[in-house]
Amino acid sequence: MVSGNNGVLENVIGLVGYDNLCLLLYDDPELVEDIFEKVGSGLVRYYEKCLPYSAVGAILSNDDWGFNTQTMLSVQDLQKYVFPWQKQMCSLAHQHGKFCILHSCGKYDAIIDDIIDDMQFDARHSYEDAIRPVEEAYEELNPRIAVLGGLDINFMVNASEEAIFARAKGMLERAASRGGYALGTGNSVPDYIPNSHYYALLKAAFYDTLADYEKEYPPED
């Protein structure tokens with residue numbers, strides 16, 4: 001799965017700054033359009049070079065679009081400047097018979113139809129309990145789009161191993177007969193998640209209970 005070097009919006013923010021971008025949208029929209037065109041077309045060319053390789057099964061667009069409460073730009077500005085490039089990336093992937101996956105943090109309610117119906121992403125990643133617990137997201141989005149990961153990072157840090165195992169097992173059982181889910185964390189896995197907590201998530205994919213794992217791998221005295 002080929003990942004881009006950040007996405008369309010993230011690269012533009014990296015070039016001009018978020019505050020400056022918000023001001024430029026009012027002061028110089030033509031310049032904004034030119035910057036997005038340069039960034040977006042470059043990413044499209046990158047994926048064009050990656051997709052023909054047989055080893056590539058999917059491309060990943062990692063582009064954060066929101067905060068906990070709303071999108072970073074207005075829906076209209078996202079539709080004008082960002083989404084057309086993402087749509088091209090999805091179209092390219094599908095032309096090659098491959099998947100296009102979105103990683104995007106933030107509140108997504110206002111743009112989920114764009115993600116699924118217009119851009120036509122095959123799967124979406126990044127779910128936070130403060131925005132929408134993954135269990136609720138799965139019920140709302142399945143079978144329109146695959147749901148990836150979702151065990152909230154704060155939960156992964158603070159919950160017990162037993163609670164993490166149980167929640168992971170619960171998501172696998174929820175999706176077992178319906179599909180469209182891959183087990184994982186809500187976002188990337190930072191160093192401050194205890195190893196044992198991450199392993200508890202992984203164990204849920206292979207063992208019915210934590211006791212079954214401990215039978216196979218008894219704790220050292």
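Computation of the quantities below employed the complete heavy-atom set of this structure, encompassing side-chain atoms and omitting hydrogens, waters and symmetry-equivalent molecules.
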[Y] reachable from [X] in the ILVMFWY side-chain graph, under 4.5 Å edges:
X      : Y      : answer
Val189 : Val134 : yes
Phe99  : Ile59  : no
Ile101 : Ile111 : no
Tyr108 : Leu60  : no
Leu43  : Leu78  : yes

For the pair Ile115 and Trp65, evaluate side-chain contact (heavy atoms from CB on, under 4.5 Å) and give the outcome as yes or no after the intermediate values. CA-CA 11 Å; Ile115 292 169; Trp65 292 337; 4.0 Å; yes
For [X] against [Y], the heavy-atom pair lying closest together:
X      : Y      : value
Leu183 : Ala168 : CD1-CB, 3.7 Å
Gln86  : Phe121 : OE1-CZ, 3.7 Å
Pro84  : Gln79  : CD-O, 3.2 Å
Gly4   : Asn62  : O-OD1, 3.2 Å
Tyr127 : Arg124 : CE2-NH1, 3.2 Å
Ala163 : Ala159 : CB-CB, 4.1 Å

Quick one: does [X]'s side chain have a donor or acceptor within less than 3.5 Å of a partner on [Y]'s backbone?
X      : Y      : answer
His96  : Leu51  : no
Lys169 : Ala204 : yes
Asn158 : Asn154 : yes
Tyr81  : Leu9   : no
Asp63  : Val8   : yes
Asp28  : Leu24  : no
Asn187 : Gly150 : no
Tyr181 : Gly149 : yes
Tyr138 : Pro133 : no
Asn142 : Val147 : no

Does a sphere of radius 6.0 Å around CZ in Phe67 hold more than 12 heavy atoms from other residues, nucleotides or ligands, not counting ones at 6.0 Å or beyond? yes
Any side-chain donor near an acceptor of the partner, Ser104 and Asp64, under 3.5 Å: no
Could you verify whether a donor N or O on one side chain and an acceptor N or O on the other, from His94 and Asp122, lie under 3.5 Å apart? yes
Are the charged groups of [X] and [Y] less than 4.0 angstrom apart, N to O?
X      : Y      : result
Lys87  : Asp114 : no
Lys107 : Glu128 : no
Arg167 : Asp152 : no

Please list, chain by chain and in numerical order, all residues satisfying side chain to side chain contact (heavy atoms under 4.5 Å, CB included) with Leu210, sequence neighbours excluded. Glu162, Phe165, Lys203
Output all residues satisfying side chain to side chain contact (heavy atoms under 4.5 Å, CB included) with Ser188, sequence neighbours left out; order by chain, then residue number. none
Please report the interatomic distance [atom1]([X]) to [atom2]([Y]), rounded to the nearest 0.5 Å.
X      : Y      : atom1 : atom2 : answer
Asn68  : Arg132 : CG    : CZ    : 12.0 Å
Gln120 : Leu102 : CD    : CG    : 14.0 Å
Ile193 : Thr185 : CD1   : OG1   : 6.0 Å
Leu151 : Leu201 : CG    : CG    : 5.5 Å
Leu73  : Lys80  : CG    : NZ    : 12.5 Å
Met119 : Cys90  : CE    : SG    : 7.5 Å

Sub-4.5 Å side-chain heavy-atom contact between [X] and [Y]:
X      : Y      : result
Asp77  : Leu25  : yes
Ile164 : Tyr199 : no
Ile153 : Tyr192 : yes
Asn5   : Tyr46  : no
Ser41  : Arg45  : yes

Using the rule given for side-chain contact (heavy atoms from CB on, under 4.5 Å), can you reason through Asp113 versus Arg144, listing the C-alpha separation, both sets of side-chain angles and the distance that settles it, and then say yes or no? CA-CA 10 Å; Asp113 290 338; Arg144 297 178 65 199; 3.1 Å; yes
Running the 4.5 Å side-chain criterion over Ile, Leu, Val, Met, Phe, Trp and Tyr, what cluster does Phe206 land in, apart from itself? Tyr207, Tyr213, Tyr217
Taking the six-membered ring for Trp, are the ring centroids of Tyr47 and Trp85 within less than 6.0 Å of each other? no
